[in-house]
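The block underneath contains the structure these notes are about, expressed in structure tokens.
Below, chain A is the first sequence line, B the second, and so on; all start at residue 1.
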Amino acid sequence: MNVIAKPAALDVAAIRAQFPILSQTVRGKPLVFLDSAASAQKPRAVIDAMRIAMETQYANVHRGLHWMSERTTEAYEAARDAVAALMNAGDRSEIVLTRNVTESLNLMAHSYGSLLKPGQAVLISGMEHHSNIVPWQMLRDRAGIELRVCPITDAGELDMDAFETLLADGKVGLVSITHMSNVLGTVTPAERIVQVAHAHGAKVLFDGAQAVVHRAIDVQALDCDFYAWTGHKLYGPTGIGVLYGKRDLLERMPPFLGGGDMISSVSYERSTWAAVPHKFEAGTPPILEGIGLKAAIDWVQAIGYDAIAAHERSLVDHALARLSAIEGVHIVGRAQDRGGVVSFSLDRAHAHDVATLLDRQGIAVRAGHHCAEPLMGRFNLDSTARASFGVYTTLGEIDALADGLDRVRTFFK
Amino acid sequence: MNVIAKPAALDVAAIRAQFPILSQTVRGKPLVFLDSAASAQKPRAVIDAMRIAMETQYANVHRGLHWMSERTTEAYEAARDAVAALMNAGDRSEIVLTRNVTESLNLMAHSYGSLLKPGQAVLISGMEHHSNIVPWQMLRDRAGIELRVCPITDAGELDMDAFETLLADGKVGLVSITHMSNVLGTVTPAERIVQVAHAHGAKVLFDGAQAVVHRAIDVQALDCDFYAWTGHKLYGPTGIGVLYGKRDLLERMPPFLGGGDMISSVSYERSTWAAVPHKFEAGTPPILEGIGLKAAIDWVQAIGYDAIAAHERSLVDHALARLSAIEGVHIVGRAQDRGGVVSFSLDRAHAHDVATLLDRQGIAVRAGHHCAEPLMGRFNLDSTARASFGVYTTLGEIDALADGLDRVRTFFK
Amino acid sequence: MSDSFDDLRDLYQEVILDHGRHPRHGTRLAAFDATAKGDNPMCGDRVQVWLAYGPGETIAQAGFEARGCAISVASADLMAETVAGRSKTDARALFAAFREMARTGTCPACEASLSEPLDRLAPLSGVHEYPSRVKCATLPWHALIAALDGADKEASSE
Amino acid sequence: MSDSFDDLRDLYQEVILDHGRHPRHGTRLAAFDATAKGDNPMCGDRVQVWLAYGPGETIAQAGFEARGCAISVASADLMAETVAGRSKTDARALFAAFREMARTGTCPACEASLSEPLDRLAPLSGVHEYPSRVKCATLPWHALIAALDGADKEASSE
Ligand SMILES: Cc1ncc(COP(=O)(O)O)c(C=O)c1O
Ligand SMILES: Cc1ncc(COP(=O)(O)O)c(C=O)c1O
């Protein structure tokens, strides 16, 4: 197996050298990690930032009047600045730091959801992750908000005609939709979604958990109202997520969780809330995680999204070419605009068996419903295998996957 | 200044050697860190566990069929076992891992709170952290649940007569009370609280954020229904918290956040929930944080709570003796049973100025309302300064604090 | 890359491939005394087991329908083959022993009386090296036990 | 340990200790044209500022009540002393300059015309080394600006 990259726009070998885990072996074989869409590996810069914080500069933040606390507060708040810059937010106060994108979406369903009136609707799509389905179902069942689902085409793209029709009666208060499918790889037409939604009086929230890994996001250019993502997929640590919201909207929203840090004053009768974004950040924040995420963002910015996108395009093209050439492999999702995620099934073997047999060869792919059961149903599938790519993925690793699949297919005769 | 410990039951010098941060200087002075109640420093074991996970063994958990995911799932789930063992929970499924204790308490207010009926009440005490006040206020305002507050005595202890009276009408469905005050150091009589509450048909939830750092907790011996705490105060990382709940109660409770990992099946019409504890754990969990917390628990267990408690007693005795001897120092909270937290005010200087002038000498204490405004009001204070201790705190550091306060007092003439 | 499949065979032995592909008992029983479903929410595997009871406290016949991987289908099939004609008590003991074997690779404390049927299930013991696949192997057994219990709730492999 | 207090004086200069202990303007004005409160939720400091306007667009007099630390009281007192007799425009410009000084220690871009009043405020510039105390120093100014704006909402030092 050959894991030397044919360099695309970036020097993959140099990048790989920054990920200690990539030199591990698995079951005696060199690790071929093709499960980055579930969670990405962490570069040395992130590992070191967290370690150094714990070794030299750590205390609780925001309320400390001493040196350690002040320095740690600066380091933590620098994460907010880095996120704001990454997304081109108009103001750092528009960045709420959460636990993961799932919490960001739940925060929205509770807080923004409480501003919706019975009779209004939330519109999602047919290719959402459970995290962008279940919170809205719970809102529906709790508050009588209708839940609408925009269908997708056989190619796995959003059906924009249906989208417009579903908005036509003006009842949709919020569109909450993925910016990139974690199963199909489809990148949704965010600008058009915003334009059409706004034209019908609906606000737009994007689940950017996958998209932000592969594309530069400019929330002002998009003019979206909210945008959520999760740190651990962008080479950062677990335990931190992001919710961007336009300031005036965040200000109108009630808090979600109550506790320390999110208050202005507390008495038993009545409490008042801190200014945004702190109103939404109850309790000790993800301090070390913020420091790690800042390091991840700096690291991604140093590589640059142009280089990342170009590299990814070459990976996807190569993967589609190689996998399509294997008899019995069926690729799910053929969107025009797509990111570094390829789902497939094999005629002779169940996806779980495929994953295990690839794992036996050191190749890590995911298999299952990928937290998107309704989408599986749309394609009459129970599960697929999924290979997903990071900046460190090489064309050689995709060749290893293709060769591995060949073996699996032969093995299952 | 002399920071060599007179060894109590444990070898403080050896312990200190395991905390890289403790050899730092602050403003040119050796760091004297007396703000552990806000967040504790991290031992080498925790730093290494997280680093090594990122370097050698990381992937998303629970749904991965490949080696990295399986090993990471094992490592993460071992945190649940460690927590269960630490608290002597009857079953590992009774341990819900959250983001911090604030989230644990909000989970309770939303989920258990939704089982309470208008007319029922929640009983808290007069010495709660905002995190154990605000979620219940929000529940009150949302669902018409009464919020009762048990007064405390001038010594800063729970008024047990009033406690019983407040339960007498049988309307209290849940008692949510601190096991140790983060301001007064008071340890509340947990066994009696549970007995009295159960006798009146109320369930009991403890906010053990502080208590678990200083005492061995045995939830089965206590017979409490729920017990919550937070990882970063127990020498673990930020971003992870704990909610213990009796299994039958957890099973009756609806989920809180919706998303990946907490479902059994999802369709647009209806979703069904995973078994406890996963029902309460939506989205990618705090994987690295779980691994860090497990290391912290192992480390604490190796020292042993007996040694920790004995060491802490000697620190508190010494601190009370030294600080009381300084003219103009007023100690807030004189409970019989108390942990390693001492709040005080100085006649000549505001607590913020005290903190800054101590910081100038390298001594980190906290000053403010400590997220307990109503408690401050009870003692007619706006703020106090607070020194709080960890296993690594030495008697010499307490001497440094006392000497520093002397200087502050002289400085303010 | 090696041309032999030795490295893939530690889990997928021939008997598993065979039973996975051509299950002998993969049908619903026309007449049955008990049935139950099993469901692995993490991966979407589902199985339903039907039992026909014989004289005494025995299982005369077992059948199943499964939607899942080769391991779960093979396990269901080997289970159906193994429990047919055995007492309900034996079936429960076999489950306990099998679960131990699936988790650890062996069952040192297993009753000698179970050694013959356990041998038949032994090809599945390789799953212990693939913790996430243990559930695939035990899922049909959970459904079996649920059917024996007469439980009307779904079994889960957790 | 050193016996001198040199190390403590970089922030708490004599003038701050003095104004903190004995504020000259620490009272509510009997007759006033504007007032506003300021509130620092993170530490609990609170201040209220009263303004009496003079002819033209000037501030004739300022008074305050503060609950807080020496820094915030001294800052409020020095502010009241400094803005009295100045135009509202100057007071706003002074706030901008003072905020810059409190955050960074200097104000290189500050207008020369402000140098005299800024000198009076200079003892507070030491807060820039204590980021959490910057708010203590700027809180009274936030209240002042809120009073000038005729805002009825509370100012916060965030
Ligand atoms: C008693 C008590 N409860 C709750 C909390 C909140 O903890 P966290 O911020 O980790 O949620 C704290 C600490 O800040 C505390 O001391
Ligand atoms: C599109 C999408 N949305 C939401 C999520 C949930 O992310 P997290 O588990 O970090 O909350 C994921 C990843 O699992 C995802 O791919």
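Contacts between Leu105(A) and chain B at a heavy-atom distance below 4.5 Å are absent for every atom of the residue. Only the backbone of Arg270(A) comes within less than 4.5 Å of a heavy atom of chain B; no side-chain atom from C-beta onward does. Heavy atoms of Ile240(B) lying under 4.5 Å from chain A are absent altogether. If you measure heavy-atom distances from Met54(B) to chain A, the contacts under 4.5 Å come from both the backbone and the side chain. Interface remark: Val101(A) contributes no atoms to any contact with chain B (heavy atom separation under 4.5 Å). Only the side chain of Ser69(A) comes within contact range of chain B, with heavy atoms under 4.5 Å apart. Proximity to chain B is limited to the backbone of Pro285(A), based on heavy atoms less than 4.5 angstrom apart. At a 4.5 Å heavy-atom cutoff, the contact between Val365(B) and chain A is made by backbone atoms alone. Using a 4.5 Å cut-off between heavy atoms, His110(B) contacts chain A through its side chain alone, with no backbone atom that close. Heavy atoms of Ser271(B) lying under 4.5 Å from chain A belong to its backbone as well as its side chain. With a threshold of 4.5 angstrom between heavy atoms, Ile133(B) approaches chain A through side-chain atoms but not through N, CA, C or O. Of the atoms belonging to Phe33(B), it is side-chain heavy atoms, and not backbone ones, that fall under 4.5 Å from chain A. For Ser23(B), no part sits under 4.5 Å from any heavy atom of chain A, backbone or side chain. In this structure, the portion of Ala40(B) lying under 4.5 Å from any heavy atom of chain A is its backbone and not its side chain. If you measure heavy-atom distances from Gln137(A) to chain B, the contacts under 4.5 Å come from the side chain alone. The part of Met138(A) that comes within reach of chain B is its side chain, from C-beta onward, which places non-hydrogen atoms under 4.5 angstrom from that chain. Only the side chain of Val149(A) comes within contact range of chain B, judged by heavy atoms closer than 4.5 Å. Heavy-atom distances place both the backbone and the side chain of Glu55(A) under 4.5 Å from chain B. Only the side chain of Arg140(B) comes within contact range of chain A, with heavy atoms under 4.5 Å apart.
Within the 4.5 Å cutoff, the side chain of Asn106(B) has no heavy atoms near those of the Phe256(A) side chain. Residues Arg148(A) and Trp136(A) are not in side-chain contact: their nearest non-hydrogen atoms beyond the backbone lie 4.5 Å or more apart. Thr102(A) is not listed as a side-chain neighbour of Met262(B), based on a closest heavy-atom distance of 4.5 Å or more. Counting heavy atoms from C-beta on, the side chains of Ile124(B) and Tyr268(A) come closer than 4.5 Å. For the pair Val46(B)/Pro237(B), a side-chain contact is recorded, criterion being any heavy-atom separation below 4.5 Å from C-beta on. At a threshold of 4.5 Å between non-hydrogen side-chain atoms, the residues Arg44(B) and Pro20(B) count as touching.
Salt-bridge annotation for Asp48(B) and Arg51(A): absent, with no side-chain N of the basic residue lying under 4.0 Å from a carboxylate O of the acidic one.
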Practice problem: Determine, step by step, whether Glu373(B) and Ile263(A) satisfy the side-chain contact (heavy atoms from CB on, under 4.5 Å) criterion, reporting the C-alpha distance in whole Å, the side-chain angles of both residues, the deciding distance to 0.1 Å, and the verdict. | Solution: CA-CA 11 Å; Glu373(B) 273 190 53; Ile263(A) 58 95; 3.9 Å; yes

Self-check item: CA sep, side-chain torsions, deciding dist, call: Asn60(A), Arg366(B), side-chain contact (heavy atoms from CB on, under 4.5 Å)
Solution: CA-CA 10 Å; Asn60(A) 211 330; Arg366(B) 192 144 288 238; 3.9 Å; yes

Exercise. Could you walk me through whether Met376(B) and Val183(B) pass the side-chain contact (heavy atoms from CB on, under 4.5 Å) test, one step at a time?
Key: CA-CA 9 Å; Met376(B) 291 286 121; Val183(B) 178; 3.6 Å; yes

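No other option in Thr356(A), Thr284(A), Leu288(A), Asn100(A) has as many heavy-atom pairs under 4.5 Å with chain B as Thr284(A). Note: Pro374(A) leads Gly283(A), Pro286(A), Ala38(A), Pro374(A) in heavy-atom pairs under 4.5 Å with chain B. When the candidates Leu22(B), Thr230(B), Leu147(B), Val134(B) are compared by the number of heavy-atom contacts under 4.5 Å with chain A, Val134(B) comes out ahead. Counting heavy-atom pairs under 4.5 Å between each of Ala372(B), Pro254(B), Ala355(B), Ala364(B) and chain A puts Ala364(B) at the top. Ranking Gly377(A), Ala59(A), Ser265(A) against chain B, the residue ahead of the rest is Ser265(A), based on heavy-atom pairs under 4.5 Å. Counting heavy-atom pairs closer than 4.5 Å to chain A, the top residue among Leu107(B), Val61(B), Leu257(B), Val26(B) is Leu257(B). The candidate with the highest count of non-hydrogen atom pairs below 4.5 Å against chain B, out of Gln57(A), Glu103(A), Arg71(A), Lys233(A), is Glu103(A).
In summary, the side chains of Thr238(A) and Glu289(B) do present a donor paired with an acceptor at a separation below 3.5 Å, with no hydrogens or angles considered. Side-chain N/O atoms of Glu128(B) and Ser125(B) include a donor and acceptor closer than 3.5 Å. A side-chain N or O of His370(A) and one of Thr384(A) form a donor-acceptor pair less than 3.5 Å apart. The closest side-chain donor-acceptor pair between Asp207(B) and His129(B), if any, does not fall under 3.5 angstrom.
Side-chain N or O atoms of Lys42(B) include none that pairs as donor or acceptor with a backbone N or O of Phe19(B) at under 3.5 Å.
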